[in-house]
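By convention in this document, chain letters (A, B, ...) are assigned in the order of the sequence lines, proteins followed by strands, and residues within each chain are numbered from 1. No experiment lies behind these values; they were computed from the predicted model shown. Atom set for the values below is all heavy atoms of this structure, side chains included, hydrogens, waters and symmetry mates excluded.
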Protein chains: 2
Amino acid sequence: MPVKRAIKDSLQGNRGMEFENYIIQANARYRLRGIASIDKVATPVKVIKYATSGPKKGRITDGYFEEKSTVDFIGVSKGMTIAFDAKETKNKTSFPLDNIEDHQFEVLREKQFHEGISFLLIRFKLHHEIYILLFEDLENFWEEAAKGGRKSIPYHFFKKNCVRCEPGRNVAIDYLAALNKALLI
Amino acid sequence: MPVKRAIKDSLQGNRGMEFENYIIQANARYRLRGIASIDKVATPVKVIKYATSGPKKGRITDGYFEEKSTVDFIGVSKGMTIAFDAKETKNKTSFPLDNIEDHQFEVLREKQFHEGISFLLIRFKLHHEIYILLFEDLENFWEEAAKGGRKSIPYHFFKKNCVRCEPGRNVAIDYLAALNKALLI
């Protein structure tokens, strides 16, 4: 539910660190250390009313979040385009594919098609584990599901085949270190 | 003035095609033809009030545009990260560098540093001409200006050294064709 999340993000202010905030923190660190330039993509807002005068001058007084037409995070590192979405599940045994909307899958596919590196960062909340799911793995499961196969990726698949993100380089989720490992496998 | 533009974009609806809309049109065409996947980056909105019930349920009732911390457009083509801002000037004889804010220059520099392709698409409104200004050229002028040199890029520099964007592939501004030429020079 990207739009819901955009609202939450925008309202939450300084509540406890959420998954996405850890990624933003990692990106800030990567930027500072010259490792990568990766940004969170803002969710577009459709403005209906905008105050050009009065006490609310310069403020949006009516509007709504539109569906994001691209990935959650995009950037560049060593010439590679990095494009990914961050997903969380409370499910212990699998990652349900309905966490990903069709258009999100299509955007990841498109970035990959143009030789970017597309992936998902998947957090199993109850296991306190985060994995890199490369697009090619996602695509295999996605196509299986489309053919009537299972609609989720089993937890043991991650455990066995995916690289887990660990803390490192002074950030809680050093996901680029994990991505580099995943690309070498 | 990126924030002002975000407001204008969001409000204008179906007025005549603006420069940025031509770029968006080109991107749609590139997407369709499998040439590139390049997106406009939304300007983030800080939500102050959000209606969770009542007739405005699901709507932002108070908020404002924040400064964009990244480029106007980002994407990927043939594995290359493409990052650029679109700028217009009514000036006939030069492109004033104060059209670019410091943080915009820094973001372009950062994408280039990580081996992306950073550039500006510059439209001389009164000449009806659009040019590709590669980051390395921008940087030279930027650094000259910082040393006390001229604060603008002369029009004849564009005329002599930059590739002009022409219509092509069914779009009014086939800027990727121009970029490819510019990269080969």
Side-chain angles (χ1 to χ4, degrees), chain A residues 3-4 6-13 28 30-31 34-52 56-66 68-71 74-83 106-118, chain B residues 3-4 6-13 28 30-31 34-52 56-66 68-71 74-83 106-118:
Chain A
V3 168
K4 267 199 192 153
I7 295 158
K8 209 174 117 193
D9 286 356
S10 194
L11 287 170
Q12 72 182 10
Y30 295 152
R31 169 160 285 129
I35 293 165
S37 167
I38 299 169
D39 303 296
K40 192 192 158 188
V41 179
T43 303
V45 164
K46 176 72 193 163
V47 175
I48 299 167
K49 272 189 209 153
Y50 181 80
T52 53
K56 291 245 173 169
K57 188 177 171 182
R59 299 265 272 272
I60 297 159
T61 57
D62 194 4
Y64 57 87
F65 283 106
E66 296 181 290
K68 199 185 283 184
S69 58
T70 186
V71 285
I74 192 162
V76 58
S77 179
K78 294 179 205 148
M80 291 183 306
T81 294
I82 307 285
E106 289 308 325
V107 173
L108 291 169
R109 170 143 67 187
E110 194 181 273
K111 300 296 180 197
Q112 184 85 12
F113 172 82
H114 292 288
E115 301 170 39
I117 311 288
S118 290
Chain B
V3 168
K4 267 197 192 153
I7 294 158
K8 208 174 118 194
D9 287 355
S10 194
L11 287 169
Q12 74 184 7
Y30 295 152
R31 169 161 285 128
I35 294 166
S37 168
I38 299 169
D39 303 296
K40 191 188 159 191
V41 180
T43 303
V45 163
K46 175 71 192 162
V47 175
I48 298 166
K49 274 190 208 152
Y50 181 80
T52 51
K56 291 246 174 169
K57 189 179 171 181
R59 301 266 271 274
I60 298 159
T61 56
D62 193 5
Y64 57 87
F65 282 106
E66 295 182 290
K68 200 184 284 185
S69 59
T70 186
V71 287
I74 193 161
V76 58
S77 180
K78 294 179 206 148
M80 291 184 305
T81 294
I82 307 285
E106 289 307 326
V107 173
L108 291 169
R109 170 143 67 187
E110 195 182 271
K111 301 296 179 197
Q112 184 86 11
F113 172 82
H114 291 289
E115 300 169 39
I117 311 288
S118 290

Given that the side chain runs from C-beta out, which part of B/I82 has a heavy atom under 4.5 Å from chain A: side chain, backbone, both or neither?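 Neither; nothing under 4.5 Å.
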Where does B/S77 contact chain A at under 4.5 Å (heavy atoms): side chain, backbone, both or neither? backbone
Listed partners of A/T70 passing side chain to side chain contact (heavy atoms under 4.5 Å, CB included), at least two apart: A/V41, A/K68, A/V107, A/K111, B/D39
According to ring-ring contact (aromatic ring centres under 6.0 Å, His included), who are the partners of B/Y64, at least two apart in sequence or on a separate chain?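 By the ring-ring contact (aromatic ring centres under 6.0 Å, His included) rule, B/Y64 matches no residue at all.
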Of all the heavy-atom pairs spanning [X] and [Y], show the shortest one and how long it is.
X: B/I48; Y: A/R59; value: CD1-NE, 3.6 Å
X: B/S37; Y: A/H114; value: CB-CD2, 3.6 Å
X: B/G75; Y: A/T81; value: O-OG1, 4.2 Å

Let me confirm one number: the CD1-CG distance from B/I60 to A/D62, rounded to the nearest 0.5 Å.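 The CG atom of A/D62 is 9.0 Å from CD1 of B/I60, to the nearest 0.5 Å.
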Using non-hydrogen atoms only, which part of A/I117 is less than 4.5 Å away from chain B: side chain, backbone, both, or neither? neither
If you count heavy-atom pairs within less than 4.5 Å of chain B, which of A/G116, A/S69, A/A36, A/A51 leads?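 Looking at each of A/G116, A/S69, A/A36, A/A51 in turn, A/A36 comes out on top.
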